K.L.:
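Quick one: the structure is below, and I'll ask about it shortly.
Since the model is a prediction, treat every value here as computed from it, not as a measurement.
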Amino acid sequence: MAESINQAGAKIGDSIKLERQRQQAVTIQIPERDQNGQIIGQTEKQVNRNLFSVDILQ
């Protein structure tokens, strides 16, 4: 959502209309950690990314 707002050129204090357009399936990497907190590998996870349209209101 923040990326869509930045791409629209909205600034702090602007009134905007935000509308969710669709979801997109994406794969992310999640770090695997040992019991000491050290990263020992990665696991893939399928998640949905929401895509938004942003209109700056006058």
Side-chain angles (χ1 to χ4, degrees):
M1 177 173 39
E3 182 179 336
S4 297
I5 293 170
N6 288 336
Q7 288 177 353
K11 296 178 181 53
I12 293 175
D14 287 347
S15 293
I16 61 169
K17 176 184 173 188
L18 185 64
E19 185 175 344
R20 186 177 72 136
Q21 296 295 309
R22 61 186 174 97
Q23 288 186 338
Q24 177 182 13
V26 295
T27 303
I28 61 171
Q29 301 291 321
I30 299 175
E32 292 181 6
R33 298 182 183 269
D34 64 12
Q35 51 192 329
N36 296 323
Q38 300 294 326
I39 296 175
I40 57 172
Q42 293 185 358
T43 302
E44 290 185 348
K45 182 176 181 181
Q46 187 93 17
V47 297
N48 290 319
R49 172 178 286 160
N50 293 315
L51 301 174
F52 295 89
S53 68
V54 178
D55 293 319
I56 301 173
L57 306 175
Q58 298 297 324

K.L.:
Testing the basics here: between Ala25 and Asn48, what is the closest heavy-atom pair and its distance to 0.1 Å?
P.N.:
CA-OD1, 3.9 Å

K.L.:
According to a 4.5 Å side-chain heavy-atom criterion applied to Ile, Leu, Val, Met, Phe, Trp and Tyr, with indirect links allowed, do Val47 and Ile30 form part of one hydrophobic cluster?
P.N.:
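As far as the 4.5 Å side-chain criterion goes, Ile30 and Val47 are connected within one cluster.
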
K.L.:
Residues in side chain to side chain donor-acceptor pair (under 3.5 Å) with Gln58, at least two apart?
P.N.:
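Result, side chain to side chain donor-acceptor pair (under 3.5 Å) vs Gln58: none returned.
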
K.L.:
Using a 3.5 Å cut-off and no angle test, enumerate the donor-acceptor pairs between side-chain atoms of residues 12-22 and protein atoms at least two apart in sequence or in another chain.
P.N.:
unit_1, atom_1, unit_2, atom_2, d
Asp14, OD2, Lys11, N, 2.7
Arg20, NH1, Asn50, OD1, 3.3
Gln21, NE2, Ser53, OG, 2.9

K.L.:
Taking Lys45 as the fixed residue, which of Val26, Ile28, Thr27 is the one that meets the side-chain contact (heavy atoms from CB on, under 4.5 Å) rule?
P.N.:
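The passing option is Ile28.
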
K.L.:
More than 12 heavy atoms of other residues, nucleotides or ligands under 6.0 Å from CD of Gln46: yes or no?
P.N.:
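Atom CD in Gln46 is crowded, with more than 12 foreign heavy atoms closer than 6.0 Å.
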
K.L.:
Would you mind listing every side-chain hydrogen bond (donor to acceptor under 3.5 Å, both in side chains) that reaches into residues 30-41, with sequence neighbours excluded?
P.N.:
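The answer is Glu32-Thr43.
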
K.L.:
Any chain of hydrophobic side-chain contacts (each under 4.5 Å) joining Phe52 to Ile56?
P.N.:
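Same hydrophobic cluster.
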
